[in-house]
Amino acid sequence: MFVLQSSDKSTKARTGILKTAHGEIPTPVFMPVGTVGTVKGIMQRDLKDDIGAKIILGNTYHLYLRPGTEIVKKAGGLHNFISWHGPMLTDSGGFQVFSLAGNRKLTEEGAIFRSHIDGSRHIFTPENTIDIQRIFGADIIMAFDECAPFPCDYKYARKSMELTHKWLDRAVARFRETEPVWDYPQYLFPIVQGSTFGDLRKQSAEKIASVSMEGNAIGGLSVGEPEEEMYRMLEIVNDILPDDKPRYLMGVGTPVNILEAIERGVDMFDCVMPTRNGRNGMLFTGQGTVNIRNRKWIDDFSPIDPDGPSSVSLNYSKAYLRHLIISGEILGAQLASIHNLAFYIKLVTDARKNIESGNFKKWKDGMIKKLSDRL
RNA sequence: GGGGAGAUACCAAAGUGGCCAACUGGGGCAGACUGUAAAUCUGCUGGGAAUUCCCUUCGUAGGUUCGAAUCCUGCUCUCCCCA
């Protein structure tokens with residue numbers, strides 16, 4: 001399922017190909033987030049053609065609540081329902097249980113929570129989140145975990161990690177004893193936890209590696225801890241997670257975070273930043289980040305980004321995009337999202353090229369310098 | 001021509017003797033956003049020194065008062081109704 005292609009000499013960065021029933025994914029890869037079955041504001045056609053997305057995410061929590069598992073099943077699975085025929089990954093809902101903190105109750109059995117839509121009570125367990133994700137039919141599905149908050153004390157972090165590990169065994173058991181609902185294989189990724197404690201991270205990575213799934217994920221990071229802590233955890237975890245399986249760093253991050261993580265051996269990323277921040281007027285460009293709402297862009301008729309990660313970046317001006325965003329126009333959110341997503345995808349694509357050509361370290365250092373600028 | 005209402009900071013609009021440099025909304029300016037309950041949220045928005053300070057402001061010119069955006073008088077302007 002995963003083929004390692006090349007490795008950087010001076011760092012742990014590498015390239016590979018992730019093979020799924022819906023297509024092959026060159027890594028490193030960035031996966032746009034499509035929580036409720038849509039990458040907000042973006043048509044599937046643009047996602048594929050202009051942005052060049054290779055795989056997108058959906059979310060079990062949101063889709064289970066609305067439209068509901070039965071509807072997705074009736075539609076013939078998530079791919080058919082949302083008219084995206086490339087690879088997909090669904091998150092298990094563990095993060096939602098964490099972010100809906102006020103409304104949840106964790107037990108050994110699973111997480112009891114209330115719907116943010118109508119207040120109704122529901123339970124997620126390691127087993128039913130596998131069942132639901134079998135029905136949704138994403139190519140890659142995630143184990144149900146607990147994402148510990150930051151900061152959290154050692155005792156809580158350990159308990160939370162142990163619960164996640166127990167849940168993992170049950171999820172793997174259910175995964176193994178069930179068949180795909182649709183006629184192609186799915187892969188289950190377990191998730192490393194352990195907060196910012198090195199020994200817990202090590203222990204968790206060993207556990208996760210021991211279940212020998214087709215790929216492994218690293219969760220519970222970029223939840224408020226200092227970036228240096230995140231990098232330190234990545235180094236510990238990636239030393240243990242097998243090299244011949246893809247490593248997925250969940251929810252990360254800024255362009256700089258992504259480059260630092262690639263350097264440490266991470267292959268897959270997802271983050272809401274390019275879309276959410278884009279809607280709110282923040283652009284990522286090859287020259288640095290831009291707050292397009294700032295007055296200084298009012299008469300800047302130059303392209304959004306002359307590096308042109310997408311046609312949108314070249315064909316629309318900063319002044320026009322500023323006008324659209326400030327006016328609250330839908331098109332503004334769409335253009336900013338398309339540009340930012342294309343930027344992210346070009347970033348990881350360029351990383352891949354530079355790893356292949358043996359120039360990664362030098363290229364990365366130069367990029368980080370540029371990315372840190374605020375225009 | 002007669003009668004009535006009103007003029008408050010960029011706009012709209014509260015405030016009708018001290019707690020008012022003046023509620024609130026909009027606009028403007030800036031910031032935040034990391035497995036999306038987010039086209040959302042936060043701060044600032046008279047000037048200056050820049051933790052409890054000073055100065056100039058509520059159409060305009062005077063007056064009353066210890067003290068006025070708030071009370072009185074003149075003036076200017078706006079709006080509404082009836083002829």
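Quick note on labels: first sequence line is chain A, next is B, and so on, each numbered from 1. A quick note: this is a predicted structure, and the numbers were derived from the prediction, not measured. What's counted below: heavy atoms across the whole structure, side chains too, no hydrogens, waters or symmetry copies.
- Distances were taken from every side-chain heavy atom of A:Asn291 (C-beta onward) to each of B:C33, B:G31, B:G35; the shortest belongs to B:G31.
- Phosphate proximity of B:U34 to A:Ser222: absent, as no side-chain N or O sits under 4.0 Å from OP1 or OP2.
- Ranking B:G35, B:A30, B:C33 by closeness to the A:Asn294 side chain, first place goes to B:A30.
- For the C1' atoms, the distance from B:C58 to B:A68 is 11 Å, rounded to whole Å.
- You'll find a donor-acceptor pair under 3.5 Å spanning the side chain of A:Thr275 and the base of B:U36, going by distance alone.
- Neither side chain, A:Thr275 nor A:Ser337, offers a donor N or O lying under 3.5 Å from an acceptor on the other.
- Proximity of A:Ser99 to the phosphate of B:A37: a side-chain N or O atom is located under 4.0 Å from OP1 or OP2.
- Cation-pi contact between A:Arg158 and A:Phe197: absent, since separation from the ring centre below 6.0 Å together with deviation from the ring axis within 45° is not met.
- Scanning atom types as modelled, one donor and one acceptor separated by under 3.5 angstrom connect the side chain of A:Arg293 and the base of B:G31.
- Note on A:Arg322: a side-chain N or O is less than 4.0 Å away from OP1 or OP2 of B:C29.
- A:Asp145 contributes a side-chain N or O that forms a donor-acceptor pair with the base of B:G35 under 3.5 Å.
- At the phosphate of B:U34, neither OP1 nor OP2 sits under 4.0 Å from any side-chain N or O atom of A:Asn277.
- Out of B:G35, B:U34, B:C29, the shortest distance to the side chain of A:Arg295 is found at B:C29.
- Rounding to the nearest 0.5 angstrom, the gap separating the NZ atom in A:Lys12 from the CG atom in A:Leu234 is 10.5 Å.
- The phosphate of B:U36 (OP1 or OP2) has a side-chain N or O of A:Gln96 nearer than 4.0 angstrom.
- If you check B:A38, B:G35, B:A32 against the side chain of A:Cys271, the one that comes closest is B:G35.
- Of the candidate nucleotides B:A39, B:U34, B:G35, B:U34 has the atom lying nearest to any side-chain atom of A:Thr254.
- Between B:A21 and B:A32, the distance separating the two P atoms is 34 Å to the nearest Å.
- In this structure, A:Phe360 and A:Trp363 have tilted ring planes: the angle between them lies in the 30° to 60° band.
- Of the candidates B:A39, B:C33, B:G35, B:G35 carries the atom nearest the A:Val272 side chain, counting heavy atoms from C-beta on.
- Within 4.0 Å of A:Gln193, counting heavy atoms only, lies at least one base atom of the nucleic acid.
- Within the nucleic acid shown, A:Glu227 comes within 4.0 Å of at least one base atom, counting heavy atoms only.
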